[in-house]
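A quick write-up on the structure given underneath.
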Amino acid sequence: MEYNHSEVEKKWQQYWAQHKTFRAENGSAKPKFYVLDMFPYPSGAGLHVGHPLGYIASDIYARYMRHKGYNVLHPMGYDAYGLPAEQYAIQTGTHPAVTTEKNIRRYRAQLDQIGFSYDWDREVRTCDPTYYKWTQWTFIQLFNSWYDKKSEKAQPIQKLIAHFSMQGNAAIDAACAETPLFTAEAWTAMNETKQQEILMNYRLAYLAETWVNWCPALGTVLANDEVKDGLSERGGYPVERKMMRQWSLRITAYAQRLLDGLETLEWSESLKEMQRNWIGRSEGAAVNFKIKNHPYTLEVFTTRPDTLYGATFMVLAPEHDLIQTLTTAEQKKEVDQYITRAKNRSERERMSEVKTVTGVFTGAYGINPLTGDEIPIWTADYVLSGYGTGAIMAVPAHDSRDFAFARHFNLPILQVVAQPGEKMSDPTTWKDSYDAKEGIMVNSGHINGLEVKQAIKKIIQHIEEQNLGHGKVNFRLRDAIFSRQRYWGEPFPVYYKNDIPYVVDESTLPVELPEVDKYLPTEEGEPPLARAENWQTAEGYPMETNTMPGFAGSSGYYLRYMDPHNENEYFSKQAVEYWQQVDLYLGGDEHATGHLIYSRFWNKFLYDLGKTVTDEPFKKLINQGKIQGRSNFIYRINGTRQFVSYNLRHNYETTALHVDIHIVHNDILDIEAFKKSREEYAHAEFILEEGKYICGWEVEKMSKSKYNVQNPDELVEKYGADTLRLYEMFLGPLEAHKPWDTSGIEGVYRFLKKLWKLYHNENHEFTISQETPTERELKILHKTIKKVEEDIRRFSFNTAVSTFMICVNELTAIQCNKRAILEPLTILISPYASHLAEELWHQLGHSQTIEYEAYPEFIENYIQENTFEYPVSFNGKTRFKLELPLELKTSEIEIEVKQAHETKKWIEGKQIKKIIVVPGRIINVVVA
RNA sequence: GCGGAUGUGGCGUAAUUGGUAGCCGCGCUAGACUUAGGAUCUAGUGCCGAAAGGCGUGGGGGUUCGAGUCCCUUCAUCCGCACCA
């Protein structure tokens with residue numbers, strides 16, 4: 001038969017589904033390997049050609065590992081909660097579950113036709129009650145836990161309560177909100193409300209008034225990673241700061257562990273660096289400033305305690321708690337105005353005005369704890385409420401922001417660090433502050449003359465002794481806001497009694513998402529769940545009306561795959577002890593500061609609980625590059641219906657228009673198709689070059705409006721899944737971003753046909769020889785085994801595809817159709833062109849799937865050579881080749897080179913100074 | 001501003017340890033077969049040059065017998081973070 005990709009691929013996809021070829025067993029004599037793809041949100045648009053890139057790579061790896069004798073877990077599922085389905089529901093009234101189900105079906109059909117080796121029996125969907133039961137369960141555990149800094153792990157809240165009633169909270173070192181000290185007696189005397197309030201300060205899932213990113217257009221708050229440049233990541237709507245009562249996860253408790261854990265991970269340096277920046281650890285000191293005429297102290301955080309003597313003023317964030325209290329009557333009006341203005345500006349406005357210096361004097365004075373000087377307290381929005389304490393000591397001489405502020409408002413500037421050998425000058429004449437952490441302290445009392453680094457140590461020691469402050473590590477990472485005022489998400493397993501939140505009993509899980517009449521907030525502005533009838537417990541207590549955010553369901557999905565049908569627990573001990581963690585995780589780097597941090601946190605928390613067995617969820621991670629669109633353009637001569645070909649366009653005034661890539665082949669426009677595409681083009685005229693209309697092109701985002709979207713279905717239909725799989729890999733290194741361009745796909749298709757022809761004669765009949773292979777044939781095979789396996793191990797799939805091409809070219813050239821060569825070759829290529837390999841394997845007379853055949857073993861002997869064709873270079877430039885036996889000694893080679901008749905020409909009267917011989921590599925003759 | 005990455009033919013790319021730069025594919029050129037070709041096959045194809053040869057991995061400099069690879073410097077592009085005290 002002729003190579004018919006549709007027939008072959010359909011046949012084997014059915015076979016795999018029927019035989020459950022890719023089923024993974026929990027527990028096996030084989031070693032385990034867990035290969036995971038980031039599961040997709042099933043959008044209405046379906047998969048485009050960029051999605052499968054990572055899936056194909058991981059699939060090749062999974063199949064390779066099966067050949068290598070591993071028990072491979074390779075599952076797939078859906079991140080099924082999400083805004084688009086809900087937005088659609090608001091517009092049309094269609095239940096998001098219906099839309100989601102429809103989209104999932106389409107995704108599944110698209111995935112199936114590419115021939116992935118997923119164990120579909122393990123599919124999970126985050127919106128499925130049997131799945132989100134465990135998301136809710138984890139929330140309950142978080143609610144019932146606190147973070148003990150002494151043992152550096154989460155502990156049961158009961159333990160904390162027991163401690164409070166025995167000893168109060170003095171001896172507790174917890175990650176918590178600021179909580180006044182209390183004794184055991186005081187604790188016992190508190191009523192339920194008060195006790196719950198205090199516990200809330202400690203819980204890892206807690207309800208609190210916090211500044212949130214409020215997105216009015218979406219009607220919900222967003223987490224920090226869901227906001228990009230002051231706009232919502234989904235939809236691009238403006239975001240503002242708002243104080244709201246919200247559920248949060250105390251991820252900051254894990255900041256240090258999240259940072260330290262990175263060291264153990266095989267992730268790209270850039271991704272780890274992104275996480276490090278996001279966590280944002282900085283070392284410094286907390287320093288207390290007394291306030292003139294007030295009983296309060298202001299705590300500030302600084303990374304430069306050494307410059308304390310140079311602090312000439314203080315600045316509070318406009319949101320700072322003490323502002324109203326400290327502001328004097330004379331300044332009140334101005335301060336109020338400033339605060340109101342700061343509040344009403346959107347995040348985006350605030351960010352775009354970063355360069356503008358604004359601020360107002362409060363009228364209050366702080367006291368420099370070292371000098372006793374009175375220094376003015378200002379408020380300005382360059383100080384962020386969310387970082388440190390929302391208050392700073394300003395050292396204008398050594399901080400560029402403080403410097404700009406001091407200059408603008410004419411505040412004093414005092415130099416306290418000098419560069420070695422610097423000529424002292426008046427800092428008010430400086431062009432810039434001196435921020436570097438190098439130099440010698442001046443004007444700084446008892447630390448004068450010290451190096452900055454020593455000065456920092458000394459001053460921390462000093463302020464600790466004097467009770468003025470202490471050394472402190474600060475993180476940029478914020479607690480994760482965990483409530484959304486939306487419908488399509490996990491309901492909280494929470495109800496309210498006297499306005500105090502309680503979690504439901506675990507036995508009542510899952511708390512199922514109720515039906516509502518509309519997917520909109522209520523008239524009172526409550527979230528959509530407030531519309532649900534009887535949204536209350538059996539006892540009549542109202543249920544929480546917020547739902548969980550997108551990252552709730554995706555934070556632990558990789559664990560559920562290990563034991564997806566377990567009704568009694570998240571996953572069994574036996575399952576997690578077997579699968580441990582994800583060995584290889586593939587996905588986009590857009591999840592760097594979202595999903596990949598939250599999952600690590602989730603996993604660490606479950607680790608503290610003794611549920612997971614490794615501290616990190618994803619051992620090795622590869623970020624596949626984004627596939628961008630490649631748009632084509634045509635050039636209309638302004639005011640006409642004439643279109644001019646690309647290279648002639650500069651002779652006219654033209655406008656470039658996007659043209660559908662489907663009617664352009666290798667940048668040549670299909671004019672007839674174009675004329676038919678739209679009525680207005682029916683009478684278009686063309687100015688051609690060499691009889692063709694050449695289109696321009698540009699790399700852009702793949703989008704409908706740019707007519708450059710390529711979906712895999714049409715390619716699978718035309719060339720088959722195997723071609724698509726190979727071509728996506730052939731495009732370039734997996735991690736590189738690259739434009740999608742189908743012009744090379746024919747080459748890959750030709751390659752597969754050529755491969756097929758090795759097994760078939762000119763009449764398309766399967767013909768295989770049983771003859772013993774020649775040395776030459778064995779060499780081709782084993783060279784290929786070696787290279788392909790090396791490539792796959794370093795995730796270099798593009799070079800592996802080239803290697804197959806070289807192999808097939810060489811075997812074709814010598815017309816090799818020997819079983820002894822082709823059988824191993826079939827196994828080698830089966831992770832890549834899986835359907836074709838199954839078919840050939842079947843034709844070779846096997847009745848079982850090829851999937852579990854042992855990977856061919858590389859045998860060194862077959863590729864060994866007796867001679868080597870040495871490149872002979874003179875002063876580093878290659879001039880000719882010289883074939884010599886490999887066993888020749890260096891000295892013998894030198895003689896051969898000197899005798900070679902071409903050598904004379906390149907010496908031309910000059911002297912041979914030296915001959916460098918690298919055996920088996922190169923000969924270099926140095927002449928002068 | 002800080003951090004990360006990337007620069008190689010007309011295009012996508014390869015060169016794993018400092019050792020033949022341009023493998024493989026696209027495109028292009030010529031030819032064969034064909035009613036036809038967006039099919040198949042053969043040959044050629046980094047640039048300049050008739051050739052000999054010269055020049056070539058963003059630019060400049062360095063180390064080395066030898067540099068795409070190492071060092072310094074500079075430019076360009078992309079990505080992330082960004083008043084984080």
Side-chain angles (χ1 to χ4, degrees), chain A residues 228-229 268-278 280-282 284 300-304 307 315 350-351 353-357 380-384 386-395 398-402 404-405 435 474-478 589-590 592-593 625-626 628 630 665-668 670 697 699 727 730-733 735-739 741-748 750-751 753-754 757 787 790-791 793-794 796 798-799 801-806 809 869-881 913-918 920-928:
Chain A
K228 291 261 141 73
D229 300 325
S268 74
E269 202 40 51
S270 67
L271 196 102
K272 288 200 225 178
E273 198 56 31
M274 264 193 241
Q275 292 215 340
R276 281 188 203 111
N277 290 340
W278 190 258
R281 182 185 202 270
S282 48
V300 304
F301 175 73
T302 176
T303 54
R304 294 296 301 274
T307 62
V315 188
R350 202 164 155 165
M351 286 164 90
E353 288 168 27
V354 155
K355 295 263 144 45
T356 328
V357 177
D381 66 4
Y382 85 89
V383 174
L384 307 174
Y387 186 77
T389 59
I392 62 152
M393 65 174 209
V395 184
H398 306 290
D399 181 288
S400 50
R401 297 150 305 177
D402 297 344
F405 196 80
D435 294 9
N474 207 26
F475 292 95
R476 199 187 75 110
L477 185 72
R478 300 274 61 98
D589 61 3
E590 65 272 24
T593 52
K626 256 195 219 70
Q628 296 135 311
R630 186 184 188 275
H665 307 282
N666 294 325
D667 293 333
I668 297 164
D670 179 341
W697 62 273
V699 174
Y727 185 59
F730 190 61
L731 232 37
E735 301 190 63
H737 299 289
K738 50 217 155 204
D741 181 1
T742 49
S743 49
I745 200 168
E746 300 274 355
V748 169
R750 273 198 280 270
F751 158 71
K753 284 197 280 192
K754 214 166 162 181
K757 278 191 198 161
K787 176 85 167 108
E790 276 168 6
D791 286 348
R793 286 191 170 275
R794 63 191 175 106
S796 175
N798 55 328
T799 53
V801 176
S802 311
T803 305
F804 284 125
M805 288 175 171
I806 294 165
N809 287 347
E869 194 180 34
Y870 280 95
V872 181
S873 52
F874 290 77
N875 290 342
K877 291 207 195 303
T878 309
R879 296 305 184 183
F880 61 90
K881 308 266 173 78
K913 271 176 74 180
K914 185 156 47 154
I915 298 178
I916 286 148
V917 176
V918 184
R921 284 233 182 235
I922 197 174
I923 298 165
N924 190 18
V925 183
V926 186
V927 296

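Note on naming: letters A, B, ... go to the chains in the order of the sequence lines (proteins, then strands), and numbering restarts at 1 for each one. Heavy-atom basis, side chains included; hydrogens, waters and symmetry copies ignored. Since we're looking at a predicted model, the values are computed, not measured.
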Ignoring hydrogens and angles, are the base of B/U20 and the side chain of A/Lys877 linked by a donor-acceptor pair under 3.5 Å?
no
Report yes or no: is there a donor-acceptor pair, N or O only, under 3.5 Å between the side chain of A/Asn277 and the base of B/C81?
no
Can you find a heavy atom in the side chain of [X] that is under 4.5 Å from one in the side chain of [Y]?
X: A/Tyr727; Y: A/Phe751; value: no
X: A/Arg794; Y: A/Thr799; value: yes
X: A/Val357; Y: A/Tyr382; value: no
X: A/Asp402; Y: A/Ile392; value: yes
X: A/Val748; Y: A/Met805; value: yes
X: A/Asn875; Y: A/Val926; value: yes
X: A/Asp741; Y: A/Pro739; value: no

Check the interface with nucleotides 24-26 of chain B: list each N/O to N/O pair with the protein under 3.5 Å, or write none.
{"unit_1": "B/G25", "atom_1": "OP1", "unit_2": "A/Asn809", "atom_2": "ND2", "d": "3.2"}
{"unit_1": "B/C26", "atom_1": "OP1", "unit_2": "A/Arg750", "atom_2": "NE", "d": "3.1"}
{"unit_1": "B/C26", "atom_1": "OP1", "unit_2": "A/Arg750", "atom_2": "NH2", "d": "2.5"}
{"unit_1": "B/C26", "atom_1": "O2'", "unit_2": "A/Ser743", "atom_2": "O", "d": "3.2"}

Which nucleotide sits closest to the side chain of [X]: [options]?
X: A/Val383; options: B/G19, B/A85, B/A15; answer: B/A85
X: A/Arg476; options: B/C81, B/U17, B/C83; answer: B/C81
X: A/Pro871; options: B/A14, B/A85, B/U20; answer: B/U20
X: A/Lys881; options: B/C65, B/A85, B/U20; answer: B/U20
X: A/Glu273; options: B/C83, B/U20, B/G3; answer: B/G3
X: A/Lys757; options: B/C41, B/A85, B/U20; answer: B/C41
X: A/Glu790; options: B/U16, B/A85, B/G19; answer: B/U16
X: A/Thr303; options: B/A85, B/U20, B/C55; answer: B/A85
X: A/Met274; options: B/G80, B/C65, B/G4; answer: B/G80

How would you label the contact of [X] with the nucleic acid (heavy atoms, under 4.0 Å): base, sugar-phosphate, or nothing?
X: A/Ile916; result: base
X: A/Val918; result: base
X: A/Ser282; result: sugar-phosphate
X: A/Asp741; result: nothing
X: A/Pro739; result: nothing

[N] versus [M] - spacing of their [atom1] atoms, nearest Å:
N: B/A32; M: B/A5; atom1: C1'; answer: 48 Å
N: B/U64; M: B/C71; atom1: P; answer: 16 Å
N: B/G68; M: B/U17; atom1: C1'; answer: 15 Å
N: B/G10; M: B/G22; atom1: C1'; answer: 14 Å
N: B/G56; M: B/G66; atom1: P; answer: 15 Å
N: B/G60; M: B/A76; atom1: P; answer: 16 Å
N: B/U69; M: B/G58; atom1: P; answer: 8 Å
N: B/G46; M: B/U57; atom1: C1'; answer: 11 Å

Need the pair for [N]. Rule: Watson-Crick or G-U wobble, both distances under 3.5 Å, any strand; none if unpaired.
N: B/G49; value: none
N: B/U34; value: none
N: B/G12; value: B/C24
N: B/G3; value: B/C79

In this structure, how many angstroms lie between the [atom2] atom of [N] and the [atom1] atom of [X], rounded?
X: A/Lys738; N: B/C11; atom1: NZ; atom2: C1'; answer: 15 Å
X: A/Trp278; N: B/C79; atom1: CH2; atom2: P; answer: 18 Å
X: A/Arg281; N: B/A85; atom1: CZ; atom2: P; answer: 12 Å
X: A/Ile668; N: B/C11; atom1: CD1; atom2: C1'; answer: 14 Å
X: A/Glu269; N: B/U6; atom1: CD; atom2: P; answer: 12 Å
X: A/Arg879; N: B/A52; atom1: CZ; atom2: C1'; answer: 12 Å
X: A/Glu735; N: B/U6; atom1: CD; atom2: P; answer: 10 Å
X: A/Leu477; N: B/A82; atom1: CG; atom2: P; answer: 13 Å

How about A/Lys754 and A/Asn809: does a side-chain donor come under 3.5 Å of a side-chain acceptor?
yes
Parallel under 30°, tilted from 30 to 60°, perpendicular over 60°: which one fits the rings of A/Tyr387 and A/Phe301?
perpendicular
Do A/Thr742 side-chain atoms and A/Ile745 backbone N/O form a donor-acceptor pair below 3.5 Å?
no
Does [N] have OP1 or OP2 under 4.0 Å away from a side-chain N or O of [X]?
X: A/Arg630; N: B/C11; answer: no
X: A/Asn798; N: B/A14; answer: yes
X: A/Lys753; N: B/U40; answer: yes

With syn meaning chi within 90° of zero and anything else anti, the base of B/G9 is syn
Hey, which sits more toward the 5' end of RNA chain B by its nearest nucleotide, A/Lys914 or A/Leu271?
A/Leu271
Residue whose closest nucleotide on RNA chain B lies nearer the 5' end, A/Ser270 versus A/Asn875:
A/Ser270
Step-by-step side chain to side chain contact (heavy atoms under 4.5 Å, CB included) determination, A/Glu790 to A/Arg793:
CA-CA 5 Å; A/Glu790 276 168 6; A/Arg793 286 191 170 275; 6.0 Å; no
